[in-house]
Structure formats: structure tokens, C-alpha cells
2 protein chains.
Amino acid sequence: MKQVRSSEWTGAFKQHRLRLTKPRQLIVDVLGATSDHLSAEEVYLRVHPKYARIGLTTVYRTLDVLVRMGIVSRLDFGDARSRYELVERSGKPSHHHHLVCSSCKRVVEYDDFMDEEVKLIKKLEKALSRKHGFGITGHVVQFLGLCPACKTLARA
Amino acid sequence: MKQVRSSEWTGAFKQHRLRLTKPRQLIVDVLGATSDHLSAEEVYLRVHPKYARIGLTTVYRTLDVLVRMGIVSRLDFGDARSRYELVERSGKPSHHHHLVCSSCKRVVEYDDFMDEEVKLIKKLEKALSRKHGFGITGHVVQFLGLCPACKTLARA
DNA sequence: TTCCTTGCAAAATATTTGCACACCT
DNA sequence: AGGTGTGCAAATATTTTGCAAGGAA
């Protein structure tokens, strides 16, 4: 039932001594308003109508800041650009992974068997941390394949 | 105990009606001779001394072909370039995943609890395939974190 | 006022494409 | 011969950086 309330991430900004500027607010808003996995440019295009003097550079830099603060996840679906999603967004399963069509790059979020996944991931994190001395901060679990539409096309 | 014997991938080439050229052979050789995860340019640099007229373009195109044939895996460790490894190489656990240092990009291959991982992955593949109609062709499982050296640096 | 942020322009990087020539089968 | 494969050069696309000006605290 968690969601991104303003107080949560604005607080994080204060903790990190970062400033709460209009571009930053708008970028978080845009990410909170969609279930898409936006690229930097797509974020830019959605902020632009509301704040025309935003620059693409700022979007890149802000997304970077948000990722480092743990507010946003950087995703890679094999098209050549990074994509971003809020870690906690209302109406989204709190923990989920992605199923990606290698052809059209369509992405399905799934949370089936997530308990088992999380349990195994935790166990592995502990084992790998002990064995290799890494401080583990995250994981990527993704399935790749062809979505129904692309499967059909491939048959033709 | 499988390994890349010439007969295996040369056969694959014949099946796909692709030609067995010197650049292609050398590229597979280079990948087979290392346990590193090479980028396209690194492959190019290692082939170049043995075959000076190789071009970087050819390396990109060949790697692409090899990936599509399932002989090579394309990997992404979060530095901006794709990296490649032979799917089957002698002296490597046949199935493994990666633990990546987000700072220095050092990569550790692990195969702990791989039985459990594979079992869960199989189950998920089946469930996702049924639920979303995808033809699933692969998966990415990766842990991210800070290696011992980078952890120490971060403390300073 | 202080110094974090921003935007522009230009740079850096990785990868792809057009095209003429070379080469395998 | 005939189509596949190659290399060069140029084009694309994404992301990063330098720097002067703007703005939050």
C-alpha cells in the first residue's frame, strides 16, 4: 500500500542536501503518472509541455540523481537506451520483474511466484556476499522472448 | 564436459547456410580462448594482430550472427557497451550467472544454488508463457553491488 | 550571499549503414 | 557465376562534459 507521496522523496532530497527544483519535481511527477518505462528523452518530452525551458541534460542528470538515491530504477530492455521507473508507485506490485519481447521491446511486469523468487534471491545474496565479499545492492531478473504478435509475424 | 569443439559451431554455420570465413573463425577462437567478457572492440583488438585487415564492422556483424545462432551470449553489465561470451566454453560452469560491481564493473561468474535457480526459472518460464503467450527464449539474472576494493574506496 | 542547478553547445562513445570490392562454394 | 562477406567512411543515437548564468536556501 506504499506509494510515492511527496513527503517521501522530498524528504530524501533534504537528507541528501539536494534542492527541490521545478524540473526535479516535474520529472518525478511524470514518472509517477505513468506505468510506462520511459527513456530519458520520453521524460523530457512529457515535461516539456509543462515547462518549456527544461533541457535534456537536466533530465539525464536528474534521473541519475534519483537512481543513486534509490527513488528510481534504471532498466535495460535491450533497445539501446536506458529506461526508468519509480521504485514505488501506487497501483504497481511493490516488487516485480520484467518479461521483455526481444523483437518489439514490449514489456510485461509480472509478480508471479514473487515470494519464491525473493526468498531465493535473498539466499543467493547472502551466499554471494559471504563468498565474494560484495556488498550487494540490487539484482536484475528478466525473461526474454517473443510476444504473441511478434511470434505470429515471425511465422510469416 | 561439453566444450566448443570446432565441429559444433562449424556445423551450426553449415546448417544456417553461413560461410566459414577467416574473420569468423578468429572471432570464435578469441572468445573461446578467454574467460573475460569481451566488448566488440576488445574482440577486434585481439583478432587484429593475427589478421590485420579485420574491420570493426565485421566484428559487430559477426557477433550479431553468433548471438542469433545461440553460440554467443550478449551481456550487459551497465558500462555502456555490450559484452560477449561463448555459451559453451570448456572450463566454465555450463550454466552460470553474474555478480557485477556497479563501480569498477568487475564481474564474477557464480553457479551457487544453480539447481534451485534453474528449477524456479523453468517454472516461471512455463507460467509466464501460459499467462502472457510469450515464447520465452532466455533470461537475465544478475546481482549488482560493490566489490571489496570499491567498498573500501567508498569508505574513504 | 552561497553554491547547487540549469541549459546550451559541443564532445565523446558505441553501434549501424551504404556501397564497392573480395571471396567462398 | 552468383550471392555472401568484408572494410572503409560516414551517419546515427545516446549520453556526457565545460561553462556561464540562474535560482533555492
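Below, read A as the first sequence line, B as the second, and so on, with proteins coming before strands; counting in each chain starts at 1.
- Backbone-only contact: B:Ser82 has heavy atoms under 4.0 Å from sugar-phosphate atoms and none from a base.
- Here the closest non-hydrogen pair linking A:Arg24 and A:Thr62 is CG-CG2, 3.8 Å.
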Quick one: what's the B/S/- string for nucleotides 17-25 of chain D, heavy-atom cutoff under 4.0 Å, read 5' to 3'?
BB----BBS

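- Atom NZ of B:Lys105 sits in a crowded spot, with more than 12 heavy atoms from other residues, nucleotides or ligands closer than 6.0 Å.
- Taking 4.0 Å as the cutoff to heavy atoms of chain A, we find the contact window on DNA chain C bounded by C:dC3 to C:dA9.
- Among the protein residues, B:Tyr51 comes within range of the sugar-phosphate backbone only, with heavy atoms under 4.0 Å from sugar or phosphate atoms but none that close to a base.
- Of all the heavy atoms in A:Ile27 and A:Val59, the pair that sits closest is CD1-CA, 3.9 Å.
- Seen from the ring of A:Phe113, B:Lys123 counts as a face-on cation partner, given the 6.0 Å and 45° thresholds.
- Nearest heavy-atom pair, B:Ser39 versus B:Glu42, reported as atom, atom and distance to 0.1 Å: N-OE1, 2.9 Å.
- From one end of the helix from C:dT1-D:dA25 to C:dT25-D:dA1 to the other, with five pairs defining each end axis, the axis direction shifts by 40° (rounded to 10°).
- When rounded to the nearest whole Å, the span between CG of B:Asp79 and C1' of D:dT14 equals 15 Å.
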Between A:His98 and A:Phe77, is a ring-ring contact (aromatic ring centres under 6.0 Å, His included) present by the stated rule, with each step listed?
CA-CA 9 Å; A:His98 299 106; A:Phe77 297 139; 5.2 Å; yes

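- Exactly one residue among B:Val141, B:Val140, B:Ile121 makes a side-chain contact (heavy atoms from CB on, under 4.5 Å) with A:Phe143. That residue is B:Ile121.
- Regarding B:Leu26, its CG atom lies at a distance of 11 Å from the P atom of D:dT6, rounded to whole Å.
- Here the P atom of nucleotide D:dT14 and the CG atom of A:Asp64 are 17 Å apart, to the nearest Å.
- Nearest heavy-atom pair across A:Thr137 and B:Gly145 is OG1-CA, 3.6 Å.
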Run the numbers on A:Phe134 and A:Ser129 for side-chain contact (heavy atoms from CB on, under 4.5 Å), then give the verdict.
CA-CA 5 Å; A:Phe134 273 58; A:Ser129 173; 5.7 Å; no

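- You'll find the side chain of A:Tyr51 reaches within 4.5 Å of the side chain of A:Pro23, heavy atoms only.
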Under the ring-ring contact (aromatic ring centres under 6.0 Å, His included) criterion, do B:His97 and B:His139 qualify, and how do the steps go?
CA-CA 10 Å; B:His97 291 139; B:His139 58 258; 5.3 Å; yes

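- OP1 and OP2 of D:dT16 both lie 4.0 Å or more from every side-chain N or O belonging to A:Tyr60.
- The interatomic distance linking A:Glu42 (CD) with D:dT15 (P) rounds to 11 Å, in whole Å.
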